[in-house]
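Residue numbers begin at 1 in each chain, while the letters A, B, ... track the order of the sequences.
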Amino acid sequence: MRWSGDVGIITGRYVSQDDSTVIQLWARARNGESILMRIHGIEPWVEITPLGRWDPSKSVEIDSLLEKEEIIRIEGPETKLTDLGEKPVWRIFVSQPFVVPRLRQDLGMKWTVLSGDIPFVNRFFLDGDLAMHVSIDGEIGVGDEPVDSIVDLTMDDVQHCEPFPVPFTVFSFDLETSIAHDTILCGAAVIEDMGSGERTRHTFTGPEDVILRELTDLVRACDADIITGYNIDNFDLPRITDRANLIAGRNKSARMSLMGWGRVALKESEGKRNRDSLYPKRGTARAWNLAGRCVMDTWWQARQVLRPQRETLKFVSRLLFPDDEDMQKMDVDASKMDEEWATRPDVVLEYCLRDAELPLDIMKKIQAFRRKEAVAAVAKVSLDTSANGSTSQLIDSLVIRHADRVGIAVPLTGSADRKEGQITGGYVHDVEAGLHPWIAILDFKSMYPSIMIGKNICFTTRIDPGSTEQPDEEEEIHESPTGAKFRNQSVRKGMVPHLLEGLMAQRDEHKAGLKNAKDDALKSFHDQMQYAVKILMNSFYGVFASGFYRFTHRDLGSSITAWARHNIKTIINKLDQEGHKVVYSDTDSIFVKTPVEGVKDPKEAMIEFGHSTAERFSEDSAELEFEKGLSVFFSHGAKKRYVGQVVWPSEEMLVRGYETQRTDSFQFLTDGMKEMFRHVLSDDSETAVQLAIEMIAEAKAGKVPIRKLIMSKSCKGKFDKTRNVWDFSKDYANPDSMVQVRAARKLIEKGLPFTPGMKIGFIVTNARNRPMEIEPWLEEDPVSDYDGQYYADRLATALGRLTEAFDWTGKELLSGNRQTSLFSF
DNA sequence: TTGTTCGCCTAA
DNA sequence: TGAGTTAGGCGAACAA
């Protein structure tokens, strides 16, 4: 029997069988079936080349390597390009992927090892030039993994497939636990079929082992592709593992039934793996991992997409669903969970179910799964790598597959010299404090990618004096302001420029697709895709400028930024010489004043000036665009902090850097500051000052609603398992001098969960004492008093920066009158 | 009161 | 969250 169709790959792993290796890929088909793909016939290998520069007169003795048991055969040599020029490269086929780390060390003494740290599963995507979505046609096989169909395949049976929205099954869950005993009191789960949009709801009560067993049964029975929940990475999943381990003790079959969430058979051997196991595991990795399913924490996704001022489930839900009444009712006091559970278990269970369902609503609203799917399609990786992998893994996926195709050797991560010290970054122009009318904002289109393309910047094009490869005299090389040199693209096109050009073209296609799309689904698809391409393009610079990436050299990053500084400073100087005032500039943008003297319509003049100036200074690989036109621009004189009234291409207020943009500020300040901006921009300093004075007085008198005074900061920390306490000393030089640590400690004291990295809300109750006294903000048990003087001072400082442009200092705002007016004549 | 250090968060 | 980068503002704590 055969199975054929289109599938979306969720995650994979390899298994060793006697004398071969099989790649297992779990996928969800377009028709809704779950599929386990078993890929046969891919052989594990590494490559080697002699150490140092290649000397063709030397002979190489390689056959003795065959004496090693784990080496099956050797192919080559093939000539490949390395950082030291072209060298002979042999491919060493090995018995199993897991022998590679040892072999890498052994061979590393006498050889330079290449392609020796690529996870074996990646070979499927790299060798087949495949991405998350594939079409397969293979024989249905037999196996005990809990999926609808198992299909045996070779690479010939797999084809690229145009991306389609995969109908994932998502499992979202939540637990309520006892503060006194750490036990699980109850649980809830909601399962969504993304194909039909249908949901089923489930609750779990009874003895702890029953809850765990039923949860496990449900994960397996519903055949979940994605596991989510709010803060499951740091709370629910660790709790499940801890409790299941405790209950099961040495009883392995009990452990399987309590936490065998992996998409594999309930077999003892399946629990032994460090990764992709029957059991959820974290190890040293950043995300949880288990066989066949993708774990995505809704907290982490919401934080990345929304950057909310606070990060509790309640806050994020209110932010996204302000009209939902369910959010307001049913308040269970989490700090008194044992009592709540004893007195009104039904309410707690209902609350638990709601908290299991909300993550699905949040993920849907922020389109988290489709975003990750688009990134997976563009970067050509699995859903799991897209969702939980690092940026360098995405770049690796594109770069290595290209390198393999054009004969470029793939060095190990960490093989290059570590970049010492920092490279110099972008140029930031001083801002002149005050109001500036009719400012045109020009900016470079995709500045760093354009420079990489234009100057052919790549690991493979850098001219190293130590390499055997040197350009001819006639070759027009690129020399960066730092002195680093790169080959001409007509002689050798770099991998990075090649890939970036491809991505730029791909983005244009999706933008065109977006424009022509007939229905919303198609529109959304092209929008997700073009956005994913943009993200990926902008990731190149960072990865290649990093100190540890495999294709890195310190000259790459520093040359890119040096050219960028050179380009922008040249234009600023020219504008200056022409008498055009540049009021501000940051990295790739220039804020220039429009000449409006004697002009009838200054807005029209600005639009014309913006377009023509951008065009005048545009070059092939440094394209300048007229991005926005401001009727007025204001800054108090600090870089990266400004506000402007945009009048072209649309009407809006543009704010950067100021407290209104910051999640560690408080609402009373941000609301008021926004209003002040409107007065400042309309040159109504009197009203602005008036407003500031009123706000400060209100705070001082304690008349501001306390909810508007909540500040929040993220707090790090590690749990010390041996001492069973939270340890902040690894992250902070002096933990107790940090306000967020003091707030966290108070939460922990109350038995409330603390999540390292999560923001903690707090109210300042007494700032006269050092360090200042604070209380964490608890929705169920709100603080009632605050230090009015402290908030008045904060307001005066922040708002005073704005009013100082009109000669009102923060101190004067605080006192409500201006003493220096005597001297201001 | 002032200068320094640490750490958060943002702009790009 | 063991890996994208640097530039920069600013608040709090603390030492002097």
Side-chain angles (χ1 to χ4, degrees), chain A residues 233-234 282-288 297 299-300 303-304 307 309 388-396 413-414 418-419 421-431 443-444 446-448 535-552 554 556-558 560-562 564-565 568 584-589 635-642 654-665 711-719 728 731-742 755-760 764 767 769-772 774 790 793-794 797-798 801:
Chain A
D233 280 355
N234 292 297
R282 176 145 60 172
T284 54
R286 47 188 206 161
W288 282 79
D297 193 325
W299 162 57
W300 192 247
R303 177 198 169 116
Q304 283 192 328
R307 286 197 324 117
Q309 203 246 350
N388 296 319
S390 59
T391 314
S392 55
Q393 281 174 285
L394 305 183
I395 302 293
D396 251 356
T413 296
R418 245 191 123 87
K419 190 180 63 162
Q422 275 195 333
I423 60 171
T424 310
Y427 168 71
V428 190
H429 199 63
D430 278 327
V431 217
D443 76 349
F444 284 105
S446 302
M447 185 187 226
Y448 288 175
I535 298 286
L536 203 62
M537 269 173 41
N538 289 333
S539 307
F540 270 75
Y541 158 73
V543 171
F544 282 86
S546 80
F548 42 79
Y549 185 56
R550 63 173 82 241
F551 286 107
T552 284
R554 66 172 80 75
L556 306 188
S558 58
I560 295 165
T561 57
R565 290 191 301 276
I568 205 147
Y584 183 54
S585 163
D586 185 349
T587 310
D588 61 356
S589 67
S635 171
H636 72 278
K639 292 171 174 179
K640 299 194 187 278
R641 289 199 162 207
Y642 60 85
L654 174 70
V655 190
R656 293 287 181 258
Y658 278 118
E659 278 76 358
T660 53
Q661 311 307 106
R662 294 185 63 96
T663 55
D664 54 358
S665 188
M711 293 192 283
S712 115
K713 270 192 175 183
S714 58
C715 183
K716 297 177 185 168
K718 287 175 184 66
F719 193 72
F728 297 97
D731 296 286
Y732 298 102
N734 190 3
D736 289 301
S737 73
M738 306 306 296
V739 63
Q740 67 272 43
V741 172
R742 298 199 300 276
T755 302
M758 193 182 269
K759 285 170 157 295
I760 299 187
V764 176
N769 285 359
R770 284 297 130 83
M772 66 185 190
I774 50 94
Y790 165 81
D793 289 341
R794 277 284 305 260
T797 317
R801 277 194 282 271

Touch class at under 4.0 angstrom, heavy-atom based, for A:Lys639 against every strand present: sugar-phosphate

Upstream residue (5' side of DNA chain C) when A:His429 and A:Tyr541 are each assigned their closest nucleotide: A:Tyr541

Separation of atom OH in A:Tyr642 from atom P in C:dG8, rounded to whole Å: 15 Å

Sugar-phosphate only, base, or nothing, as touched by A:Ser589 at under 4.0 Å among non-hydrogen atoms: nothing

A:Tyr732, nearest nucleotide to its side chain (from C:dG4, B:dC9, B:dC8): B:dC8

Nearest-Å distance for atom pair CG/P, residues A:Asn538 and C:dT6: 17 Å

Centroid distance under 5.5 Å and plane angle under 30°, A:Phe548 vs C:dA3: yes

Nucleotide nearest A:Thr587 when distance is taken to its side chain, options C:dT5, B:dA12, B:dT10: B:dA12

Touch class at under 4.0 angstrom, heavy-atom based, for A:Lys718 against every strand present: nothing

Sugar-phosphate only, base, or nothing, as touched by A:Asp731 at under 4.0 Å among non-hydrogen atoms: sugar-phosphate

Any donor-acceptor N/O pair, A:Trp288 side chain to A:Arg282 backbone, under 3.5 Å: no

C:dG2 and B:dC8, which share atom name P, separated by this distance in whole Å: 15 Å

Closest non-hydrogen atom pair, A:Asp396 against A:Arg550: OD1-NE, 3.0 Å

Touch class at under 4.0 angstrom, heavy-atom based, for A:Gly557 against every strand present: nothing

Sugar-phosphate only, base, or nothing, as touched by A:Ile395 at under 4.0 Å among non-hydrogen atoms: nothing

Under-4.0 Å salt bridge between A:Arg794 and A:Glu659: no

Nearest-angstrom distance from the residue atom CZ of A:Arg656 to C1' of C:dG8: 15 Å

B:dC9 OP1/OP2 closer than 4.0 Å to side-chain N/O of A:Ser714: yes

Phosphate contact (C:dG4 OP1 or OP2) by A:Ser539 side-chain N/O below 4.0 Å: no

Touch class at under 4.0 angstrom, heavy-atom based, for A:Thr561 against every strand present: nothing

Sugar-phosphate only, base, or nothing, as touched by A:Thr424 at under 4.0 Å among non-hydrogen atoms: sugar-phosphate

d(CD, A:Gln422; C1', C:dT6) in whole Å: 6 Å

Which nucleotide in B:dC9, B:dA11, C:dG4 has an atom nearest any side-chain atom of A:Ser546: C:dG4

Gap between atoms CZ and C1', on A:Phe540 and C:dT6 respectively (whole Å): 20 Å

Toward the 5' end of DNA chain B, by each residue's nearest nucleotide, A:Val655 or A:Gln740: A:Gln740

A:Tyr584 vs B:dA12: side-chain N/O to OP1/OP2 distance below 4.0 Å: no

With sequence neighbours excluded, residues passing ring-ring contact (aromatic ring centres under 6.0 Å, His included) with A:Phe551: A:Phe459

Sub-6.0 Å ring centroid separation between A:Tyr642 and A:His636: no

Parallel, tilted or perpendicular: ring planes of A:Phe544 versus A:Phe540, cut at 30 and 60 degrees: parallel

Touch class at under 4.0 angstrom, heavy-atom based, for A:Trp299 against every strand present: base

Heavy-atom protein contacts under 4.0 Å, nucleotides 10-16 of chain C, coded B base, S sugar-phosphate only, - none: SSSSS--

Backbone N/O of A:Ser635 and side chain of A:Arg801: donor-acceptor pair under 3.5 Å: no

A:Asp586 CG to C:dT5 P, straight-line distance once rounded to whole Å: 18 Å

5' priority, DNA chain C, between A:Gly425 and A:Trp300 [closest heavy atom]: A:Trp300

Salt bridge A:Lys640-A:Asp586, side-chain N to carboxylate O under 4.0 Å: yes

Distance in angstrom units between A:Lys716 NZ and B:dC6 P, rounded: 13 Å

Residue pair A:Tyr732 / A:Gln740: nearest heavy atoms and the distance that separates them: OH-NE2, 3.8 Å

Main-chain N/O of A:Asp736 paired to A:Arg742 side chain as donor or acceptor, under 3.5 Å: yes

Sugar-phosphate only, base, or nothing, as touched by A:Arg307 at under 4.0 Å among non-hydrogen atoms: sugar-phosphate

Sugar-phosphate, base or nothing in reach of A:Gly542, heavy atoms under 4.0 Å: base

Selected nucleotide, minimal atom distance to A:Ala733 side chain, candidates B:dG7, B:dC8, C:dG4: B:dG7

Sugar-phosphate, base or nothing in reach of A:Gly757, heavy atoms under 4.0 Å: nothing

Rounded distance in Å between the C1' positions of C:dG4 and B:dA12: 14 Å

Atom-pair distance (NZ on A:Lys640; C1' on B:dC8), nearest Å: 16 Å

